[in-house]
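Only one structure is covered here, and it is reproduced in the block below.
Numbering of ligands and ligand atoms starts at 1, following listing order. No experiment lies behind these values; they were computed from the predicted model shown.
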Amino acid sequence: MKIAVLPGDGIGPEVTREAVRVLETLDLPGLTMFDGDVGGVAYKRHGHPLPQETLTIAKSCDAVLFGAVGDPDCDGLERHLRPEQAILGLRKELDLFANLRPAKVFAGLEHLSPLKPEIAGELDMMIVRELTGDVYFGDKGERVANDGSREGWDMMSYSEPEVSRIAQVAFRTARAGDCPRKQRLCSVDKANVLETSQVWRDTVKHAAKSHPDIDLSHMYVDNAAMQIISNPAQFGVILTGNLFGDILSDLASAAVGSIGLLPSASVGERETDHGVFGLYEPIHGSAPDIAGQGKANPMATILSAAMMLRHSFGREAEAVQIETAVSKALADGIRGGDLGGEHGCEEIGAAVRERL
Ligand code: NAD
Ligand code: IPM
Ligand code: MN
């Protein structure tokens with residue numbers, strides 16, 4: 001069980017440290033961790049946000065635990081040298097095309113959500129986000145017009161094979177035992193305007209023919225943003241593209257209570273001895289506004305480590321133990337500033353380990 005630990009920038013190292021301590025507490029035989037630099041910190045040390053050495057470490061492991069990247073000091077760099085290219089590069093290089101982002105309001109913790117408790121209590125969904133295509137990875141550029149004004153562009157596209165493989169993941173997820181609202185899958189697109197989305201929708205419909213047991217629906221993304229907040233009870237699995245999935249998952253995290261609570265798993269087809277190779281990270285970023293102050297909530301990263309045990313190492317029991325410890329800590333009133341509490345990053349980590 002080899003894990004590459006890539007803490008990155010801002011609050012990345014703070015939250016990753018707590019997740020590592022949780023893994024160490026479990027004392028699993030044969031678990032070894034290897035550290036690597038990514039993001040702005042890697043650019044500053046090695047001249048590149050994703051050094052070859054880091055990529056080699058990641059490839060040689062069974063799973064990657066990732067913190068966050070992003071540094072305001074680097075926002076003026078040429079795009080290929082910016083910290084965010086590290087996570088985009090890892091996803092692409094490791095072919096991690098399927099991003100699973102569960103969003104669930106913890107039982108008894110409906111009051112953490114800004115939604116009315118009776119609506120919040122219904123929120124239990126799995127966002128399946130395509131992760132290596134879309135407008136993120138299309139041709140992009142900038143030019144200066146004759147009048148001296150600038151124009152920028154990013155090409156959005158999806159091919160049938162790209163949509164087909166993520167759709168298969170979503171159908172399988174909708175059928176899995178632990179899936180929220182089993183057999184219910186909603187594909188989210190913008191097919192009323194975008195050709196990319198028309199190909200997306202037609203391909204998902206085609207894939208549905210081999211999954212007749214799954215109740216498939218389609219929804220435009222603007223409506224989906226509205227429905228997630230007003231009527232979350234209708235959603236089980238949401239299947240969507242890279243850009244829409246990025247936006248809808250931040251939205252879902254706010255409905256749960258905080259972005260500091262949502263984990264993610266990014267997987268592809270490579271298998272490990274006990275599961276699939278994957279990269280596990282909180283859905284939030286490097287939070288430069290609170291970095292270095294010990295204020296970050298590490299729960300999203302700790303829950304990402306639980307997803308790692310489940311998907312890459314076949315350790316369902318330990319994954320559930322971690323999830324239970326986090327929800328107990330929350331139920332006992334352990335809250336970071338993101339949830340209106342006073343507990344710091346290390347205190348939250350310690351509280352979770354104590355309950356573990
Ligand atoms: P962000 O997610 O970093 O922060 C948004 C807000 O949420 C901030 O107010 C922040 O303080 C708060 N927040 C985030 N995580 C928190 C936590 N664990 N505990 C408490 N509060 C938390 O998004 P942003 O501000 O738009 O982006 C900051 C940087 O992070 C940018 O450089 C961006 O590109 C990068 N980013 C990286 C990733 C990633 O590494 N996967 C994800 C998103 C953003
Ligand atoms: C995320 C982040 C990334 C994304 C950025 C940092 C490239 O927002 O993981 O949600 O857009 O995928
Ligand atoms: Mn995001």
Side-chain angles (χ1 to χ4, degrees), residues 6-19 38-43 49-50 64-77 79-92 96-101 103 112 127 129-137 140 154 240-254 256-266 279-304 326 330 334-349:
L6 313 180
D9 303 318
I11 62 169
E14 304 167 39
V15 294
T16 307
R17 190 177 308 121
E18 298 311 318
V38 274
V41 69
Y43 172 75
L50 181 55
V64 179
L65 181 65
F66 189 92
V69 290
D71 178 346
D73 290 354
C74 298
D75 286 348
L77 292 173
R79 188 159 297 281
H80 73 281
L81 293 174
R82 291 203 205 160
E84 290 81 356
Q85 295 303 310
I87 185 63
L88 296 175
L90 280 164
R91 291 169 182 169
K92 197 74 175 173
L96 302 169
F97 65 87
N99 185 210
L100 309 178
R101 296 189 160 189
L112 297 181
I127 299 177
R129 168 192 179 196
E130 199 290 329
L131 204 58
T132 52
D134 202 359
V135 69
Y136 273 63
F137 292 95
K140 54 180 79 235
D154 302 86
T240 191
N242 205 344
L243 182 63
F244 300 154
D246 179 43
I247 299 168
L248 293 181
S249 54
D250 268 33
L251 176 87
S253 79
V256 170
S258 163
I259 196 165
L261 293 176
L262 255 62
S264 84
S266 305
L279 181 149
Y280 301 85
E281 56 169 332
I283 76 154
H284 62 70
S286 57
D289 53 333
I290 56 163
Q293 300 170 36
K295 288 184 185 166
N297 184 351
M299 285 173 166
T301 316
I302 292 172
L303 292 168
S304 301
V326 168
L330 284 168
I334 306 292
R335 310 271 157 79
D338 56 326
L339 290 166
E342 304 268 287
H343 295 95
C345 188
E346 291 203 44
E347 264 178 300
I348 299 174

If you scan the protein for heavy atoms around atom 6 (C) of ligand 1, do you find one that is closer than 4.0 Å?
no
Which of the numbered atoms in ligand 1 are under 4.0 angstrom from any heavy atom belonging to P288?
28 (C)
Heavy atom to atom 21 (N) of ligand 1, shortest distance: which of D246, L88, I290 holds it?
I290
Greater than 12 external heavy atoms within 6.0 Å of E342's CD:
no
The atom of D246 among N, O or S that is nearest the Mn ion (ligand 3) is OD1
Could you tell me whether the side chain of E346 and the main chain of I348 form a donor-acceptor pair under 3.5 Å?
no
Taking atom 6 (C) of ligand 2 as the reference point, the nearest protein heavy atom with its distance
E84 CG, 3.8 Å
If you measure every N/O of V15 against every N/O of ligand 1, is any gap under 3.5 Å?
no
Of the protein's non-hydrogen atoms, which lies at the shortest distance from atom 14 (C) of ligand 1, and what is that distance?
I259 CG2, 3.4 Å
Would the distance check show the side chain of D9 and the main-chain N or O of V41 forming a donor-acceptor pair, the cut-off being under 3.5 Å?
yes
Report yes if N242 has an N/O atom closer than 3.5 Å to an N/O atom of ligand 2; otherwise report no.
no
E14 vs T16, test: side-chain hydrogen bond (donor to acceptor under 3.5 Å, both in side chains). Steps then yes/no.
CA-CA 6 Å; E14 304 167 39; T16 307; over 6 Å; no
Mark yes or no for whether N242, through its side chain, and L131, through its backbone, hold a donor-acceptor pair below 3.5 Å.
yes
List every atom of ligand 1 that sits less than 4.0 Å from any heavy atom of F66, numbering the atoms from 1 in the order shown and giving each element.
40 (O)
Distance-minimising heavy-atom pair for A86 and P49
CB-O, 3.3 Å
Note the single closest protein heavy atom to atom 7 (C) of ligand 2, along with its residue, its atom name and the distance in Å.
L88 CD2, 3.8 Å
Which residue and atom name correspond to the protein heavy atom nearest atom 2 (C) of ligand 2, and how close is it?
D246 OD1, 4.0 Å
So if I count the atoms of ligand 1 from 1 in the order they appear, which ones are less than 4.0 Å from some heavy atom of D338?
20 (C), 21 (N)
Can you list the atoms of ligand 1 that are under 4.0 Å from a heavy atom of A68?
40 (O)
Which protein heavy atom lies closest to atom 43 (C) of ligand 1, and at what distance to 0.1 Å?
G285 CA, 3.3 Å
Counting only nitrogen or oxygen atoms and a 3.5 angstrom limit, does E281 reach ligand 2?
no
Contact between ligand 1 and S286 is defined here as a heavy atom of the residue under 4.0 Å from a ligand atom; is it met?
yes
Within ligand 1, which atoms have a heavy atom of G70 less than 4.0 Å away?
32 (O)
Is there any N or O on I87 that sits under 3.5 Å from an N or O of ligand 1?
no
Are any non-hydrogen side-chain atoms of T301 and H284 less than 4.5 angstrom apart?
yes
Taking the side chain as every heavy atom from C-beta outward, state whether L6 and L279 have any pair of such atoms under 4.5 Å apart.
no
Is any N, O or S atom of D250 under 2.8 Å away from the Mn ion (ligand 3)?
no
With rounding to the nearest 0.5 Å, note down the distance linking CG in L112 to CG in D338.
9.5 Å
Any non-hydrogen protein atom below 4.0 Å of atom 30 (O) of ligand 1?
yes
Should L330 and L339 count as side-chain neighbours, where that means a heavy-atom distance under 4.5 Å?
yes
Measuring to protein heavy atoms, does anything land under 4.0 Å from atom 2 (O) of ligand 1?
yes
Is atom 25 (O) of ligand 1 near the protein, in the sense that some protein heavy atom lies at less than 4.0 Å from it?
no
To the nearest 0.1 Å, how far is atom 9 (O) of ligand 1 from its closest protein heavy atom, and which atom is that?
D289 OD2, 2.9 Å
Heavy atom of the protein closest to atom 11 (O) of ligand 2 (residue, atom name, distance):
Y136 OH, 2.5 Å
Separation between OG of S266 and CZ of R101, rounded to the nearest 0.5 Å:
7.0 Å
Check: R101 N/O within less than 3.5 Å of ligand 2 N/O
yes
Top protein contact for atom 16 (C) of ligand 1, by heavy-atom distance
I11 CD1, 3.9 Å
Y43 versus C74, closest heavy-atom pair with distance:
CD2-SG, 4.5 Å
among protein heavy atoms, the one nearest atom 17 (C) of ligand 1 is N297 N, 3.7 Å
Quick one: does S264's side chain have a donor or acceptor within less than 3.5 Å of a partner on E281's backbone?
yes
Could you measure the distance from the CD1 atom of I283 to the OG atom of S253? Nearest 0.5 Å is fine.
4.0 Å
Distance from atom 34 (O) of ligand 1 to nearest protein heavy atom, with residue and atom:
E84 OE2, 2.5 Å
for atom 40 (O) of ligand 1, nearest protein heavy atom and its distance come out as V69 N, 2.9 Å
What protein heavy atom sits nearest atom 3 (C) of ligand 2, and how far away is it?
R91 NH1, 4.0 Å
Within a distance under 4.0 Å of any heavy atom of A296, pick out the atoms of ligand 1 and give their elements.
19 (N)
So, D134 side chain and L243 main chain: donor-acceptor pair closer than 3.5 Å or not?
yes
Protein contact to atom 41 (N) of ligand 1 [nearest heavy atom, distance to 0.1 Å]:
E281 OE1, 3.0 Å
Do D246 and Y136 have side-chain N/O donor and acceptor atoms under 3.5 Å apart?
yes
Quick check: does any side chain N or O of S286 sit under 3.5 Å from a backbone N or O of G10, one acting as donor and the other as acceptor?
no
Has R82 got any heavy atom lying under 4.0 angstrom from an atom of ligand 2?
no
Between CD on residue E18 and CD1 on residue I302, distance to nearest 0.5 Å:
6.5 Å
Test item: R129 and L248 side chains (from C-beta on) under 4.5 Å apart, heavy atoms
no
